[in-house]
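This report refers to the structure that appears directly beneath it.
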Protein chains: 2
Amino acid sequence: MARTGLDTDMVIHRAAQMVNEVGLENITLKMLADDLGVKSPSLYNHIGGLEDLKMQLMIYGWKKMEQRIIQSVIGISGYDAIRAGCHAFYEYATENPGLFNAMLWYNKFLNTETMEATSGLFSVLFKVTSSLNISEENCNHIIRTLRGFLEGFSLLVNNEAFGNPISIAESFELSLNVLIEGIKTLEEKIEE
Amino acid sequence: MARTGLDTDMVIHRAAQMVNEVGLENITLKMLADDLGVKSPSLYNHIGGLEDLKMQLMIYGWKKMEQRIIQSVIGISGYDAIRAGCHAFYEYATENPGLFNAMLWYNKFLNTETMEATSGLFSVLFKVTSSLNISEENCNHIIRTLRGFLEGFSLLVNNEAFGNPISIAESFELSLNVLIEGIKTLEEKIEE
DNA sequence: TGACAAAAACTAATTGTATTAGTTATAATG
DNA sequence: CATTATAACTAATACAATTAGTTTTTGTCA
């Protein structure tokens, strides 16, 4: 009866915490409503339903990660910036496993809004790679390479899917080295 | 009443087709039961429930992919074999989007059986990389690199998550070039 | 062959969640 | 102070997963 004073941002924000605690597949509107001190139908005043909530979590997560990555590359350029951005991605993804699942599963082509969820983030990476002597088209390819690797590797870590006992941190570092050395071979020679 | 003559393999096999048609998140036991000409509780004679079914789909998918990859590297060695194996992975993943989702989401560390789902597949890759002049430990790291990239890139393709209009096939080829050139820098010099 | 046991189907019932419809109370606005 | 929009509520619906208990078939063994 007493008005709780919820708004959409509060719901999303609380759901983002909760999804990291219980996992994307286990979150329910009832659970979220209980936590917010409200009955579950009341949530429909702020979100469109469970699917909509997960979609919004996806967008929320990518925006947050974008901020982290922008912070991480301030004052750095070239391969060091790539390295720093990749580390920021990996850290955010593994610190927020539930949210990261939403980011992966719901990042589908559906409409302009969902499509733009990641565009800001990867335009940051584009700016970074553009400072290298690599053609624009190849920069776009490289971003896809990095994106694929970062998303897949982070998912595997979150799922504890690496059976081997060898260090995951070292695997990540070596992977970045491999990728960066590979990218260097795409640099165009400059006439002297 | 009349016995349909189902067994676990038939259920899994049919579910594998269905999951590619309707998507992992939309498959229901009722739908599967209807399709198999049976009531949904009857499925419990063959599977442990919906979660168990998805787990079994995960294992089924990895085994099938393993076979495809083994076929693809027959008679090839070195970097050509890596290339061929990666192509086989990518093709299987994109030809079976629903099943591949199960392979990603349910490939978590839970018990020995789920852990071993992918061990055969990656021991094939290990044999391939072992023929290079690279330390065993680095081979293990490289496999993780490839695994991360392949899983992430395939997922992005299946989700149509690449906004850019540039060719995805070219992105994949360039990515493999980047990875292989990067891996080459790990080769240990041989005394002459 | 014929009784018996195991397996595989069934029906009925339970539970839990999302979602919708319709109602009431609060807050904001003129 | 009256009115209106909003945000909560209760009640009801629909659907799927799952469990319990029953029936029927199939295969086996004396």
Side-chain angles (χ1 to χ4, degrees), chain A residues 1-60 98-99 101-102 105-106 108 110-111 114, chain B residues 1-60 98-99 101-102 105-106 108 110-111 114:
Chain A
M1 225 200 275
R3 226 172 245 221
T4 319
L6 282 187
D7 62 22
T8 306
D9 281 351
M10 287 168 67
V11 174
I12 304 294
H13 193 263
R14 189 68 195 96
Q17 296 176 253
M18 187 169 291
V19 82
N20 283 330
E21 291 161 14
V22 304
L24 182 64
E25 58 284 354
N26 298 318
I27 199 170
T28 66
L29 290 186
K30 175 159 174 29
M31 185 189 300
L32 181 57
D34 284 352
D35 187 90
L36 291 165
V38 128
K39 304 289 176 181
S40 61
S42 305
L43 294 178
Y44 286 79
N45 289 312
H46 308 291
I47 57 173
L50 185 58
E51 283 295 287
D52 175 61
L53 174 69
K54 291 178 176 178
M55 199 70 77
Q56 297 211 46
L57 284 176
M58 179 275 283
I59 294 169
Y60 172 90
L99 191 55
N101 271 349
W105 289 123
Y106 288 86
K108 305 182 186 191
L110 287 174
N111 52 51
T114 64
Chain B
M1 225 199 276
R3 225 172 247 224
T4 320
L6 282 188
D7 63 22
T8 306
D9 281 350
M10 289 169 67
V11 174
I12 304 293
H13 193 263
R14 189 71 195 94
Q17 297 176 251
M18 187 168 291
V19 82
N20 283 329
E21 290 160 15
V22 305
L24 182 64
E25 60 284 356
N26 298 317
I27 201 171
T28 65
L29 290 185
K30 174 159 174 26
M31 184 189 301
L32 181 59
D34 284 352
D35 187 89
L36 291 165
V38 128
K39 305 290 176 182
S40 61
S42 305
L43 293 178
Y44 287 79
N45 288 313
H46 309 291
I47 58 174
L50 185 58
E51 283 296 288
D52 175 62
L53 174 69
K54 291 178 176 177
M55 199 70 78
Q56 297 210 46
L57 284 176
M58 178 277 281
I59 293 169
Y60 173 90
L99 191 56
N101 270 349
W105 290 120
Y106 288 85
K108 306 181 185 191
L110 287 173
N111 51 53
T114 65

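So that the names make sense, note that chain A is the first sequence line, chain B the second, and so on, each numbered from 1.
Side-chain atoms of B:Lys30 lie closest to D:dA16 of the nucleotides D:dA16, D:dT10, C:dT19. Ranking D:dA11, D:dA17, C:dT11 by closeness to the B:Thr28 side chain, first place goes to D:dA17. Taking every side-chain heavy atom of B:Pro41 into account, D:dT18 is the closest of C:dA21, D:dT18, D:dA8.
A donor atom on one side chain and an acceptor atom on the other are found under 3.5 Å apart for B:Tyr106 and B:Glu51.
The CG-P distance, from A:Leu36 to D:dC9, rounds to 11 Å in whole Å. The nearest whole Å value for the distance from the CG atom in A:Asn26 to the C1' atom in C:dA18 is 16 Å. What separates NZ of B:Lys39 from P of D:dT23 is a distance of 18 Å, to the nearest Å. When rounded to the nearest whole Å, the span between CD of A:Glu25 and P of C:dT17 equals 15 Å. Between the CG atom of A:Leu6 and the C1' atom of D:dA8 there is a distance of 9 Å, given to the nearest Å. Rounded to a whole Å, the CG atom of B:Asp7 is 15 Å from the P atom of D:dT26. Counting to the nearest Å, the C1' atom of D:dA8 and the CG atom of A:Leu29 are 16 Å from each other.
Under a 3.5 Å cut-off, the side chain of B:Asp9 and the backbone N or O of B:Ile12 do not form any donor-acceptor pair. For the pair A:Asn101 (side chain) and A:Leu24 (backbone), a donor-acceptor distance under 3.5 Å is absent.
For DNA chain C, the residues of residues 42-52 of chain A within the heavy-atom distance limit of 4.0 Å (strictly under) are A:Tyr44, A:Gly49, A:Leu50, sorted by number.
Scanning both residues, A:Leu6 and A:His46, for their nearest heavy atoms gives O-CE1, 3.3 Å. Minimum interatomic distance between B:Tyr60 and B:Ala16 (heavy atoms only, all atoms of both residues): CE2-CB, 3.5 Å.
Between atom NZ of residue B:Lys54 and atom CG of residue B:Leu99 there is a gap of 13.0 Å, rounded to the nearest 0.5 Å.
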